[in-house]
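In this chain, residues are counted from 1 in sequence order.
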Amino acid sequence: MGGGRMDLVVNKGWVRATFSAWADFFMHYHPFFFMAEVGICLWAEVNIPALLCDIHLEPKEFSARLGLQGPPMAGYVHLHFWKYDTIVAFGPMSLRPPPL
């Protein structure tokens, strides 16, 4: 079992943004079975001061995740942009390795 995560944050007053990337992995040797998930996320918001009013651009978010497991090989791809989500699954989904 292993994993990691990295987060970057920018806050300059008029712009705020974050970037995250992660990976998690689990492997069982007998019987052989693995699960893995990797993903990224980018979020940004902008406030531009003008003479008479401020221009505010709502927060936008983009994220993508890939999950794999096997054998047999199966998984999913999850894409998220602002309010819209798309999930594509492939292969036969099994929850756990068979018992010994």
Side-chain angles (χ1 to χ4, degrees):
M1 180 182 330
R5 181 179 181 99
M6 176 184 66
D7 293 314
L8 302 171
V9 177
V10 174
N11 188 353
K12 292 291 187 184
W14 63 276
V15 64
R16 294 186 320 167
T18 62
F19 173 79
S20 299
W22 66 90
D24 295 314
F25 185 78
F26 171 78
M27 182 184 294
H28 191 267
Y29 290 105
H30 188 49
F32 180 71
F33 180 77
F34 72 91
M35 292 177 13
E37 183 176 86
V38 296
I40 62 167
C41 180
L42 178 61
W43 179 91
E45 178 180 28
V46 177
N47 281 315
I48 302 172
L51 289 176
L52 300 175
C53 64
D54 290 342
I55 300 170
H56 176 72
L57 300 176
E58 293 182 12
K60 303 288 188 232
E61 178 182 349
F62 170 77
S63 65
R65 286 188 294 171
L66 170 66
L68 295 173
Q69 68 181 27
M73 180 68 81
Y76 67 92
V77 175
H78 179 199
L79 298 174
H80 173 78
F81 179 69
W82 194 28
K83 298 178 184 178
Y84 307 102
D85 286 307
T86 301
I87 299 173
V88 177
F90 55 91
M93 298 300 279
S94 62
L95 298 177
R96 299 185 186 273
L100 294 174

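- How far CG of Asn47 is from CH2 of Trp14: 10.5 Å, rounded to the nearest 0.5 Å.
- Residue pairs meeting the salt bridge (charged side-chain N to carboxylate O under 4.0 Å, His left out) criterion with at least one member in residues 2-15, sequence neighbours excluded, are Arg5-Asp7.
- Pairing each heavy atom of Ala74 with each of Gly91, the nearest pair is CB-C, 3.8 Å.
- If you take CZ on Phe19 and CE on Met6, they are separated by 5.0 Å, rounding to the nearest 0.5 Å.
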Show every donor-acceptor pair shorter than 3.5 Å between a side-chain atom in residues 33-46 and any protein atom, with sequence neighbours excluded, or say none if there are none.
{"from": "Glu37", "atom 1": "OE2", "to": "Tyr76", "atom 2": "OH", "distance (Å)": "2.2"}
{"from": "Glu45", "atom 1": "OE1", "to": "Arg16", "atom 2": "NE", "distance (Å)": "3.2"}
{"from": "Glu45", "atom 1": "OE1", "to": "Arg16", "atom 2": "NH2", "distance (Å)": "2.4"}

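- Taking CH2 from Trp82 and NZ from Lys60, the interatomic distance works out to 4.0 Å, rounded to the nearest 0.5 Å.
- Judged as a salt bridge (charged side-chain N to carboxylate O under 4.0 Å, His left out), not a single pair has a partner in residues 65-80 (not counting sequence neighbours).
- Annotation: the span from Met27 atom CE to Phe32 atom CZ amounts to 4.5 Å, rounded to 0.5 Å.
- Checked against side chain to side chain contact (heavy atoms under 4.5 Å, CB included), Asp85 has the following partners two or more places apart in sequence or in another chain: His78, His80.
- Put simply, Ile87 and Val77 are part of two different groups of oily side chains (I, L, V, M, F, W, Y) that touch within less than 4.5 Å, one to the next.
- Within the hydrophobic cluster formed by Ile, Leu, Val, Met, Phe, Trp and Tyr side chains joined at under 4.5 Å, directly or through other members, Val88 stands alone, with no partner residue.
- Note on Trp22: it does not cluster hydrophobically with Phe25, by side-chain heavy-atom contacts below 4.5 Å among ILVMFWY residues.
- Applying the side-chain hydrogen bond (donor to acceptor under 3.5 Å, both in side chains) rule to Asp24 yields no partners; only residues at least two apart in sequence or on another chain are considered.
- Linking Ile, Leu, Val, Met, Phe, Trp and Tyr residues whenever their side-chain heavy atoms come within less than 4.5 Å leaves Val10 and Leu57 in two separate clusters.
- Of the possible polar contacts, none joining the Asp54 side chain to the His56 backbone as a donor-acceptor pair under 3.5 Å is found.
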